[in-house]
Undergrad: 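Before anything else, here's the structure in question.
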There are 6 protein chains.
Amino acid sequence: MSQSPDRPLPTFSARETFFGTDKTGDAAISIAGVPMDIATTNRAGARDGPAAVRRASRMAGGTYPDLWPDLYSLDFADVGNFSLMMGKLEESLALIERQALEHDHLISVGGDHLVTLPLLRAAAKKHGAPLGLVHFDAHVDTWDENYGVPVTHGTNFRIAINEGLVDPKRMIQIGIRCRVEPEVWQWTLDQGVTIITAEEVHMGNPADVAARIHQVVGNQDKTYLTFDIDCLDPSCAPGTGTPETGGLLAWQARSILTRLGGINFIGMDVVEVAPAYDVGEITALNGASVMAFYMGLLAASKSQAE
Amino acid sequence: MSQSPDRPLPTFSARETFFGTDKTGDAAISIAGVPMDIATTNRAGARDGPAAVRRASRMAGGTYPDLWPDLYSLDFADVGNFSLMMGKLEESLALIERQALEHDHLISVGGDHLVTLPLLRAAAKKHGAPLGLVHFDAHVDTWDENYGVPVTHGTNFRIAINEGLVDPKRMIQIGIRCRVEPEVWQWTLDQGVTIITAEEVHMGNPADVAARIHQVVGNQDKTYLTFDIDCLDPSCAPGTGTPETGGLLAWQARSILTRLGGINFIGMDVVEVAPAYDVGEITALNGASVMAFYMGLLAASKSQAE
Amino acid sequence: MSQSPDRPLPTFSARETFFGTDKTGDAAISIAGVPMDIATTNRAGARDGPAAVRRASRMAGGTYPDLWPDLYSLDFADVGNFSLMMGKLEESLALIERQALEHDHLISVGGDHLVTLPLLRAAAKKHGAPLGLVHFDAHVDTWDENYGVPVTHGTNFRIAINEGLVDPKRMIQIGIRCRVEPEVWQWTLDQGVTIITAEEVHMGNPADVAARIHQVVGNQDKTYLTFDIDCLDPSCAPGTGTPETGGLLAWQARSILTRLGGINFIGMDVVEVAPAYDVGEITALNGASVMAFYMGLLAASKSQAE
Amino acid sequence: MSQSPDRPLPTFSARETFFGTDKTGDAAISIAGVPMDIATTNRAGARDGPAAVRRASRMAGGTYPDLWPDLYSLDFADVGNFSLMMGKLEESLALIERQALEHDHLISVGGDHLVTLPLLRAAAKKHGAPLGLVHFDAHVDTWDENYGVPVTHGTNFRIAINEGLVDPKRMIQIGIRCRVEPEVWQWTLDQGVTIITAEEVHMGNPADVAARIHQVVGNQDKTYLTFDIDCLDPSCAPGTGTPETGGLLAWQARSILTRLGGINFIGMDVVEVAPAYDVGEITALNGASVMAFYMGLLAASKSQAE
Amino acid sequence: MSQSPDRPLPTFSARETFFGTDKTGDAAISIAGVPMDIATTNRAGARDGPAAVRRASRMAGGTYPDLWPDLYSLDFADVGNFSLMMGKLEESLALIERQALEHDHLISVGGDHLVTLPLLRAAAKKHGAPLGLVHFDAHVDTWDENYGVPVTHGTNFRIAINEGLVDPKRMIQIGIRCRVEPEVWQWTLDQGVTIITAEEVHMGNPADVAARIHQVVGNQDKTYLTFDIDCLDPSCAPGTGTPETGGLLAWQARSILTRLGGINFIGMDVVEVAPAYDVGEITALNGASVMAFYMGLLAASKSQAE
Amino acid sequence: MSQSPDRPLPTFSARETFFGTDKTGDAAISIAGVPMDIATTNRAGARDGPAAVRRASRMAGGTYPDLWPDLYSLDFADVGNFSLMMGKLEESLALIERQALEHDHLISVGGDHLVTLPLLRAAAKKHGAPLGLVHFDAHVDTWDENYGVPVTHGTNFRIAINEGLVDPKRMIQIGIRCRVEPEVWQWTLDQGVTIITAEEVHMGNPADVAARIHQVVGNQDKTYLTFDIDCLDPSCAPGTGTPETGGLLAWQARSILTRLGGINFIGMDVVEVAPAYDVGEITALNGASVMAFYMGLLAASKSQAE
């Protein structure tokens with residue numbers, strides 16, 4: 001219900017860009033859609049995630065009672081959607097990486113979770129590998145293959161670890177509760193990845209989870225945030241491809257995220273928003289809120305630096 | 001699944017009035033629909049809230065295991081929907097106030113939250129100003145304007161305070177988590193309003209929240225209850241115009257409300273139910289349940305007085 | 001499935017502007033959203049029409065087998081949504097008119113049908129009154145009042161006729177089948193308006209209807225086209241506020257529209273798309289198609305002039 | 001968009017009774033809901049038909065351009081929903097018949113098509129058997145059993161014929177296109193029933209169909225009208241239990257019905273509206289429109305008699 | 001995202017049987033659909049529950065991080081749907097019981113909750129009466145009648161207790177929060193049934209609830225599990241017939257169920273999944289997850305026995 | 001509502017296989033799902049088409065009043081879904097072709113329209129190239145590339161023609177109305193393909209269209225039928241990826257198809273059913289009906305041969 005100076009239109013009249021911005025390029029922060037969804041193992045449609053999150057983000061930008069600086073204090077642009085090769089996985093991954101390299105601090109909206117792989121490849125090139133990783137998800141995404149296919153939205157982080165893009169000792173997964181073979185689970189732990197299951201979040205306290213995240217990734221070294229919307233419970237995020245029951249509630253994600261101030265974030269993404277299965281835009285709104293919280297952290301950091 | 005003596009029809013066959021009543025006037029308690037929704041900043045459609053809540057209320061009336069007297073022990077009527085002037089805000093506010101004055105104890109279903117303003121004006125005339133206010137909401141609704149417009153569903157309580165309808169020191173807001181400019185936030189606190197954010201509810205305990213409400217409004221002086229359905233999390237209430245993530249869960253609202261016995265309530269409303277965005281009637285059912293809990297409090301109070 | 005040279009992105013990756021254009025101003029043709037919907041007598045939500053039609057229009061631009069010149073041969077821009085005063089009807093009408101005057105050839109997407117009134121006022125000022133009017137609708141929209149209110153989405157054309165914006169003898173309504181009082185019906189005929197009921201369209205032939213339109217408005221004098229999406233049958237356009245059974249099928253509208261070449265159109269609008277009631281975007285797609293057919297007529301006319 | 005003198009509220013504010021009436025009894029014409037749906041062979045939910053049609057009927061009452069007398073010229077009441085025994089078929093049929101006998105001219109909204117059987121039993125008792133029958137449907141409903149059960153929504157008219165409630169020589173079915181065993185088809189024809197398939201309607205002309213109906217049932221003897229909403233194409237009536245592709249379009253039903261003036265109708269029903277599968281209320285609206293056309297015929301007949 | 005050896009197809013390509021099995025008979029565990037829904041007091045459609053849960057179950061089978069043995073280590077079959085007599089309650093109950101007797105360890109998906117009555121009758125015959133009962137539900141289901149009908153989905157457990165199928169002292173209800181007459185409540189307690197209300201679950205801890213269940217039913221004697229999906233909050237399970245606000249969250253049900261290892265379960269059912277009111281399959285997925293957790297308990301038990 | 005001897009279960013209880021068959025292999029006719037949808041240019045989700053059509057087909061099998069032999073007179077099996085490589089287009093095409101070769105007469109349900117390419121490759125190998133092609137579609141699908149990609153659901157028939165799988169002189173397209181570049185249009189005509197636009201169908205008569213099909217493909221040589229569900233109007237088939245307004249109505253498709261008796265069909269497919277955008281299963285039901293009509297033609301042909 002709040003408004004920034006450059007948004008005099010009511011929400012319903014605002015342009016459907018990320019947070020209603022009119023800026024389309026040349027900004028400190030670039031927000032892009034990455035509508036690739038051909039690597040999903042179950043329901044399709046994450047290609048429509050960027051549009052849905054754009055629309056919902058008009059309801060999400062501003063200052064929150066936690067009194068952050070306004071996210072509109074940041075210099076950001078909606079750079080549109082990335083180009084893709086329809087039906088061509090490898091070519092699309094290369095295209096995504098190439099386009100991601102054109103931006104300094106990139107916030108992306110998927111697309112399925114495989115898009116994070118080329119985004120991490122680009123981030124590692126830009127910012128130096130390996131990166132820390134804060135990873136919200138229902139699924140570990142460290143399979144060695146899914147149904148006979150080695151590059152999917154379930155193998156992305158095994159590849160990222162194997163390529164040295166991510167430091168598994170500075171990698172933490174929050175919200176995990178998927179079916180998973182014991183050897184995949186063990187491999188993940190063996191790399192040094194920290195896993196906080198959804199039940200641990202429910203039984204515990206968001207502040208403690210946030211403290212654990214700070215502990216794992218540190219505030220010094222560069223860190224990437226990836227938020228698979230299916231880390232939320234299907235009641236909060238029905239609009240996704242592989243929902244799992246028992247997930248985080250929206251308030252828990254919010255309370256954890258807003259306590260991550262000080263981490264040296266160099267990029268983030270929200271993935272797996274599939275609006276065809278959503279109701280009342282609530283999944284998209286959760287995606288947009290996550291972006292707003294992340295941008296609030298950046299705004300606070302910028303404000304402290306000034 | 002329970003039934004009152006005058007409702008021998010299965011739920012699916014019951015007349016779609018509030019709690020299935022056949023009474024249309026001349027009762028101690030009047031329940032009315034107020035289908036005005038032209039003051040919303042985002043999604044439209046709260047005009048259809050009264051019908052949806054009527055329908056859902058057939059599933060909500062009766063005695064709960066907390067062993068209240070049956071709400072059917074109250075003398076209440078469904079007085080229908082209020083008249084409005086389409087597209088005419090000021091005229092409609094005047095019409096709503098005038099119609100509200102015809103009823104002693106009025107329970108209303110909006111419409112957008114601006115309908116509470118004329119309802120408070122009428123209540124203040126009937127019952128004496130200023131009133132205490134228990135206000136469930138995601139939004140403070142104390143803006144001085146929204147997008148250049150001074151009378152909207154986001155400025156209603158600033159106006160109510162400024163008009164002296166409500167005593168801000170006896171006003172408490174529960175569930176707040178909206179974007180809000182620091183000066184609006186500060187103005188609200190400066191008036192003496194008590195704010196309990198959604199995170200405070202989640203981190204705490206419904207019994208403590210209820211105790212805080214008792215403390216702020218007291219049990220002696222007259223108090224009005226307004227329940228914006230968007231105080232609930234979008235997972236519980238997708239059918240609303242300006243959803244905000246991270247809200248109260250249905251059980252929390254229920255556990256708080258059922259602990260408000262003894263407060264001297266003289267009227268209440270449920271607002272911002274927009275069924276076009278709902279699924280499986282769950283938003284409407286939450287609206288109806290809130291009414292049922294309020295009426296349960298009245299029934300208990302009546303039973304104790306007898 | 002076709003593409004213009006400046007649209008190398010797959011449909012699902014294209015920017016959600018009208019027909020995917022990147023141009024936002026300074027074009028021969030301006031396309032705008034006019035998200036006002038507070039004058040509706042039944043279901044709300046036409047404020048979300050512009051966004052839905054923008055999205056759907058990405059599927060509708062190009063060359064059709066009828067071998068029009070590509071609509072991308074036109075110089076057009078998506079100028080965004082008009083500013084409005086929430087809940088303020090008269091002020092909003094004035095604002096719409098003022099903004100419409102800034103554009104030479106304006107294509108608009110409503111909003112409810114009342115938006116056509118200020119659009120006609122602006123068109124009459126720009127192009128000279130009275131204008132011819134090709135009016136697709138289920139409803140005559142020539143009431144003298146609706147439910148006690150004189151300026152609504154059902155009185156707009158009586159006002160337009162009374163203000164001399166439209167020449168009723170050069171006005172033709174296609175698709176009419178609403179409930180209507182005999183005196184309203186007679187008044188409309190008495191002004192000289194030609195009415196083709198939906199049944200007449202069904203019993204006849206699109207080519208004959210098109211011929212009748214040519215006959216009524218002529219090819220010489222300036223003419224405005226207004227397309228209320230509820231002229232279509234609810235099966236084709238469920239996403240609207242006041243559906244009426246028995247309407248035009250999409251193919252009939254298409255076959256009529258594509259035969260209107262030569263008429264001197266100076267502006268058009270599509271109104272009453274309310275996406276909250278739509279399924280699979282079909283109402284929005286029909287709205288976008290109607291715009292594409294209109295722009296195809298302009299492209300053909302431009303091509304012949306060259 | 002029109003209004004009767006006693007309906008000064010905008011559509012969205014009108015009480016959700018049939019055509020918005022406030023009358024609940026003692027009228028020349030009674031309109032009732034009959035929410036029984038336990039005899040369906042496929043999708044459930046017709047029990048919610050009466051509520052949906054009530055709501056939609058607020059958009060359907062008035063005078064149409066065909067210049068009928070206003071249906072509000074009739075004396076009619078919404079008598080509510082009939083009582084039923086949950087899960088008890090035979091008992092429910094007896095209850096429906098008993099309640100139907102309390103009304104002179106009854107218009108009913110089902111419920112599944114089996115409700116027509118007790119309604120015909122009551123009509124035959126009141127008005128004398130056998131009755132003529134105008135039967136719109138996708139299905140012949142003259143099976144001798146369905147899946148081993150002899151009394152279902154698919155055997156109702158064989159029973160009605162066998163009980164002598166209906167004169168098969170004065171019975172005509174319009175819109176038939178279901179799967180049907182040759183012996184059931186032949187039995188139906190052998191009784192003397194006239195069948196007009198959906199394809200015959202599409203290939204022909206509504207006026208000719210209406211003429212055939214007049215010819216079969218005559219204008220003298222008493223006739224009942226039963227309208228199974230699935231006679232319409234699923235595009236017009238998705239909200240039903242056993243949809244069949246290739247059905248009548250809404251305009252065809254309308255054009256046929258409005259040409260049935262002069263037939264001596266003594267009752268009618270609309271059945272099989274299952275709103276859980278509907279979109280934008282279009283199925284319910286078609287149901288309400290059919291009732292409005294029927295009541296328009298009665299109003300014309302009354303007006304001619306006066 | 002995991003897979004069993006015999007399921008090499010991606011989730012979206014897997015056959016829509018329970019957990020994708022190809023086995024249709026002759027297994028240690030039989031899974032069946034019981035699509036009877038004619039005993040519901042409110043919304044219909046649980047007949048479509050089996051199909052929806054089958055589909056969703058393809059996403060739910062495998063090993064969970066709690067490191068159960070894979071449910072695919074069990075020998076189970078999808079034996080299809082049970083035969084029923086449409087619209088015939090007593091006959092259908094007899095049919096269900098007779099078919100249930102053909103299976104040793106039966107897992108069923110309803111249908112409404114009345115199906116549990118014949119399932120318990122069969123289980124008692126097979127395994128000896130009385131059985132212990134773990135009963136998740138919003139409703140006590142111990143009414144003596146509903147709306148004048150003695151055998152419904154709300155009277156099933158009074159009948160089961162009265163028939164001696166269930167030992168009320170070994171019966172525990174979790175999640176109760178319905179409207180209920182004091183005498184029904186008292187009768188239930190008087191039999192010795194343990195009731196844990198939804199609020200008690202929310203205010204407490206899943207581990208404590210699980211401990212209480214163990215205490216009531218014991219690990220020795222035979223016990224049946226019945227899970228009415230409406231024990232979950234409507235946000236988690238909108239797709240059901242009689243939703244009640246304030247229910248269990250999916251994670252709570254999961255955390256309770258996975259702590260029930262050691263109980264001597266001899267059968268279970270999930271009932272009241274009504275997909276017509278669901279969104280994004282979340283209700284069905286919760287139903288499938290509950291089955292997966294139950295089967296995980298069986299797999300762990302089998303693994304320990306080996 | 002009819003039933004075959006081996007289907008004694010009510011529709012809602014029948015197994016969700018194609019037409020409820022229990023047969024899974026070794027039949028004269030094989031029906032398979034081909035859930036590949038990664039080649040779509042717009043909305044995703046056709047991978048869920050096979051499941052939706054299976055479910056709907058339970059409502060579609062039997063004998064129609066046109067008195068075909070029962071489709072259950074055919075020997076057919078539901079052979080399940082084909083294996084695919086997720087996100088791998090070329091590999092998936094090879095897999096589909098290989099699996100198709102295992103069946104003599106294959107009826108397939110897509111998936112997007114690209115699946116027809118490997119199905120034609122297999123059919124040509126089995127039955128000899130080139131084949132005749134009856135092609136229902138909104139789109140010509142003879143592009144040389146889409147958005148820079150040469151193998152998509154829009155280039156499939158150019159490839160098929162270029163590979164000599166199809167004889168363009170024996171190829172007829174019905175329902176075309178898409179945007180298309182003049183050179184693509186001309187290329188198609190230049191090959192000898194016959195195009196009947198949707199408008200030509202609307203302006204003409206199904207019997208004439210059927211006659212034209214007979215004339216083009218002949219009754220002697222082998223012919224394949226491919227039915228893209230988007231040839232239907234979006235009102236009849238909202239559940240598809242690239243809807244186009246103005247399409248065929250369900251009855252027209254039915255009336256054309258049932259007049260194709262005598263053509264020497266050796267295989268067919270229904271593609272582009274994307275249930276996430278459907279309402280009330282109507283798109284899926286149209287898909288199932290088309291299959292039923294095709295199988296009816298086979299049954300008639302078999303009956304005549306006997």
Side-chain angles (χ1 to χ4, degrees), chain A residues 39-44 138-143 145-149 152-155 175-186 188-189 195 197-203 233-249 252 274-280 282-283, chain E residues 1-4 7-14 19 55-56 58-72 205-207 232-239 247-255 257-259 277-290 292-293 296:
Chain A
T40 51
T41 51
N42 187 34
R43 304 193 300 212
H139 309 90
V140 290
D141 285 3
T142 50
W143 279 269
E145 55 91 54
N146 286 131
Y147 309 109
V149 180
T152 79
H153 75 153
T155 66
I176 303 300
R177 62 195 183 280
C178 60
R179 301 163 287 147
V180 54
E181 300 79 357
E183 49 280 12
V184 172
W185 184 256
Q186 198 52 50
T188 312
L189 294 174
I195 299 179
T197 66
E199 193 181 72
E200 288 173 294
V201 177
H202 292 305
M203 296 292 204
D233 192 66
S235 60
C236 296
T240 195
T242 43
E244 302 278 341
T245 63
L248 269 59
L249 302 175
Q252 292 171 320
Y277 305 96
D278 203 3
V279 60
I282 68 174
T283 309
Chain E
M1 220 165 291
S2 80
Q3 50 186 323
S4 81
R7 288 278 90 211
L9 299 171
T11 307
F12 62 81
S13 197
F19 302 102
R55 177 170 177 78
R58 304 178 312 166
M59 291 196 254
T63 318
Y64 285 85
D66 327 62
L67 298 181
W68 292 324
D70 197 312
L71 71 80
Y72 290 109
N205 186 295
L232 297 180
D233 191 68
S235 60
C236 296
L248 268 59
L249 302 175
W251 79 268
Q252 292 171 321
R254 177 175 181 151
S255 291
L257 285 167
T258 58
R259 283 170 173 78
Y277 306 96
D278 203 2
V279 60
E281 300 176 73
I282 68 174
T283 308
L285 185 61
N286 270 302
S289 294
V290 165
F293 304 146

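Proteins come first, then strands; the chains are lettered A, B, ... in the order of their sequence lines, and each starts at number 1.
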Undergrad: Between A:T197 and A:E200, is the side chain to side chain donor-acceptor pair (under 3.5 Å) condition met? List the steps.
TA: CA-CA 5 Å; A:T197 66; A:E200 288 173 294; 3.2 Å; yes
Undergrad: Select one option (side chain, backbone, both, neither) describing which atoms of A:T40 are under 4.5 Å from chain E's heavy atoms.
TA: backbone
Undergrad: Less than 4.5 Å to any heavy atom of chain E: does that hold for the side chain of A:L249, its backbone, both, or neither?
TA: side chain
Undergrad: Does A:A274 have any side-chain contact (heavy atoms from CB on, under 4.5 Å) partners at least two apart in sequence or in another chain, and if so, which?
TA: A:Y277
Undergrad: Using a 3.5 Å distance criterion without hydrogens, assess whether the side chain of A:T155 forms a donor-acceptor pair with backbone atoms of A:T152.
TA: yes
Undergrad: Taking the ring centre of each residue, are E:Y72 and E:F19 less than 6.0 Å apart?
TA: no
Undergrad: Pick one of side chain, backbone, both or neither for E:A288, based on which atoms fall under 4.5 Å of a heavy atom in chain A.
TA: neither
Undergrad: Can you tell me which portion of A:R43 sits under 4.5 Å from chain E's heavy atoms? Options are side chain, backbone, both or neither.
TA: side chain
Undergrad: Output yes when a side-chain donor or acceptor of A:E181 lies under 3.5 Å from a complementary backbone atom of A:V184, and no otherwise.
TA: no
Undergrad: Looking at E:S235, E:P234, E:A253, which makes the most heavy-atom pairs under 4.5 Å with chain A?
TA: E:S235
Undergrad: Can you tell me how far CZ of A:R177 sits from NE2 of A:H202, rounded to the nearest 0.5 angstrom?
TA: 7.0 Å
Undergrad: Can you tell which part of A:D233 gets under 4.5 Å to a heavy atom of chain E, answering side chain, backbone, both or neither?
TA: side chain
Undergrad: Side chain, backbone, both or neither: which part of E:E281 has an atom under 4.5 Å from a heavy atom of chain A?
TA: both
